[in-house]
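Note sheet for the following structure.
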Protein chains: 2
Amino acid sequence: MTDTSGKIRVLIADDHGMILDVLSMFLGTQPDMHVTTTTDLDGALSAITSNGGYDVVLLDYNMPGMNGTQGLTRAIQLNKKNPVAILTGTPTKRILDESLAKGAAGLVPKTMPAKSLAIAIRFMHVGETYVPLDLMREEAAEAGEGVGKLSAREKTVLECLGEGKQNKEIANSLQLSEATIKMHVKSICKKLGANNRTHAVITARDQGLL
Amino acid sequence: MTDTSGKIRVLIADDHGMILDVLSMFLGTQPDMHVTTTTDLDGALSAITSNGGYDVVLLDYNMPGMNGTQGLTRAIQLNKKNPVAILTGTPTKRILDESLAKGAAGLVPKTMPAKSLAIAIRFMHVGETYVPLDLMREEAAEAGEGVGKLSAREKTVLECLGEGKQNKEIANSLQLSEATIKMHVKSICKKLGANNRTHAVITARDQGLL
DNA sequence: TAGGCCTACATACTTTAGTATGGGGTTTTG
DNA sequence: CAAAACCCCATACTAAAGTATGTAGGCCTA
């Protein structure tokens, strides 16, 4: 059995075999780390339980059982006060906000060089929060905050968009004027950071809003 | 300098730092492989040129300069008769078809375990074609349904629609005229039974085409 | 080789979508 | 209370999307 005394015990959960294999291999070469891996949330949770908590836990955002950041909450509860971070191939400000709100120790893009990852893990291990710089820039660029929540009307309009309806149809079915619909569509796009209705539907779907 | 005599010379081009780092590390532990890496297509092409060709080349599908499978063709020409394969995180039947049509030696999902990747590389090195089984299954399944009807071009345009691009943008990125894109969009809608581009994206997603 | 499909482009046109203003009115909240 | 956020509508405009037709070459196949 490997000696883990004094090492940072890292748990990585990811259903991408290649990434998992290769990440654990690289981090395993670090003298101060000991890596454990699982391929789904349940595996991660039971690993945390039986191990009595890991020093750092990385959870893939898209992973069997995760369901967005739902699994994150459960993992954080189990892992006591030790950091739990989100691992994702498609880092967005939305995922960042959600994750941090739920108490994640950071967000790790899979596009990050392996060496940087090792540094980020040590960073989180000492209680810091790690977030990629470019996402912070996006956050700053989006001026005010509150980008997350759509109003009630906007949600219903978004649903219509998600059915491929055009403005006039939406106006009819909601008993509103076309001008009003246009207004709502516009603010939906602004809030979602989309360029047009099609893009809005895409991003809404990606974020589980639809 | 490392001794490469007798080894399979592998070139991997990918702009995902983590994957690149960790892949080359794992494959480097294989006694019969020697790995070189680049982070964009231009780097890959010049590496191939100066090296006189690699035994196996892996190109990331989404990568600066690639533009779908356009870069694949150039790489194949440069690499003589040696295998060039596509590396992608989101393997789809569309990408498979396109790649094989252009003469790729295979399609390697990033979700593949690292050990399997090593095997796949050896497989391609001896002249075989590697494709993931599950994609072949998709192929069989889709053939039965009514939606395998989109032509190659239509599929690439559909992907662009799925990114919320507008006609002009698609035309630019595909080096086509806006009129041509409109034509493709129209026939996509007709084949999918959609009323407009947004609707087309929705139904395409629902049917797993995106 | 003729008919079919795919690809590509152009031109002209109509309809939708999106933007920019303006005007009202509610409810929520600091 | 007053600011902020929501909700509704209107007009007028620009940009984009969608429709319709015609031309044309390549490829495959019956």
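Both backbone and side-chain heavy atoms feed into the values below; hydrogens, waters and symmetry mates do not. Chain naming here is simple, since letters A, B, ... match the order of the sequence lines and numbering starts at 1 in each.
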Please write out the pairs of protein N or O atoms and N or O atoms of nucleotides 22-29 of chain C separated by less than 3.5 Å, giving the distance to one decimal.
none

Partner residues of B:Asn196 under the side chain to side chain donor-acceptor pair (under 3.5 Å) criterion, sequence neighbours left out:
none

List the residues meeting side chain to side chain donor-acceptor pair (under 3.5 Å) with B:Asp32, not counting sequence neighbours, and say none if there are none.
B:Arg122

Rounded to whole Å, the CG-C1' distance (B:Leu174 to C:dC9) equals 15 Å

Passing option when B:Tyr54 is tested against B:Asn79, B:Val35, B:Ile12 for side-chain contact (heavy atoms from CB on, under 4.5 Å):
B:Asn79

What does the inter-axis angle of the helix from C:dT1-D:dA30 to C:dG30-D:dC1 come out as, five pairs per end, nearest 10 degrees?
40°

Restricting both atoms to N or O, compile the protein contacts to nucleotides 4-8 of chain C shorter than 3.5 Å, with distance only.
unit_1, atom_1, unit_2, atom_2, d
C:dT7, OP1, B:Ser151, OG, 3.3
C:dT7, OP1, B:Arg153, N, 3.0
C:dT7, OP2, B:Ser151, OG, 2.3
C:dA8, OP1, B:Arg153, NE, 3.2
C:dA8, OP1, B:Arg153, NH2, 2.9
C:dA8, OP2, B:Arg153, NE, 2.8
C:dA8, OP2, B:His184, NE2, 3.4

Applying side-chain contact (heavy atoms from CB on, under 4.5 Å) to A:Thr39 and not counting sequence neighbours gives A:Leu20

Heavy-atom pair of closest approach, residues B:Ser151 and B:Glu154:
N-OE1, 2.7 Å

According to salt bridge (charged side-chain N to carboxylate O under 4.0 Å, His left out), does anything in residues 47-57 of chain B pair up with another residue at least two apart or in another chain? List the pairs.
B:Arg9-B:Asp55

Quickly work out the B:Asn196 CG to D:dG18 P distance and round it to whole Å.
6 Å

Non-hydrogen side-chain atoms of A:Gln166 and A:Glu169 separated by less than 4.5 Å
yes

Are B:Leu41 and B:Arg74 close enough that some pair of their side-chain heavy atoms sits under 4.5 Å apart?
yes

Identify the two heavy atoms, one from B:Leu72 and one from B:Ser99, that lie closest to each other, and give their separation to 0.1 Å.
CD2-O, 3.7 Å

Can you list, pair by pair, the side-chain donor-acceptor contacts under 3.5 Å of residues 157-165 of chain A, counting residues two or more places apart and other chains?
none

I need the CD1-P distance between A:Ile188 and C:dT19, as an integer number of Å.
13 Å

Please name all residues satisfying side chain to side chain donor-acceptor pair (under 3.5 Å) with A:Arg153, sequence neighbours left out, ordered by chain then number.
none

Listed pairs, N/O of protein and of nucleotides 12-16 of chain C, under 3.5 Å:
unit_1, atom_1, unit_2, atom_2, d
C:dT16, OP2, A:Lys168, NZ, 3.3
C:dT16, O3', A:Gln166, NE2, 3.3

For A:Thr37, enumerate each residue passing the side chain to side chain donor-acceptor pair (under 3.5 Å) test, keeping only those at least two apart in sequence or located in another chain.
none

Between A:Glu169 (CD) and C:dA17 (C1'), how many Å, whole number?
13 Å

What pairs with B:Ser46 under side-chain contact (heavy atoms from CB on, under 4.5 Å), at least two apart in sequence or on another chain?
none

Write down the distance between NZ (B:Lys186) and C1' (D:dA16), rounded to a whole number of angstrom.
16 Å

For A:Ile181 and D:dA10, give me the distance from atom CD1 to atom P, rounded to whole Å.
12 Å

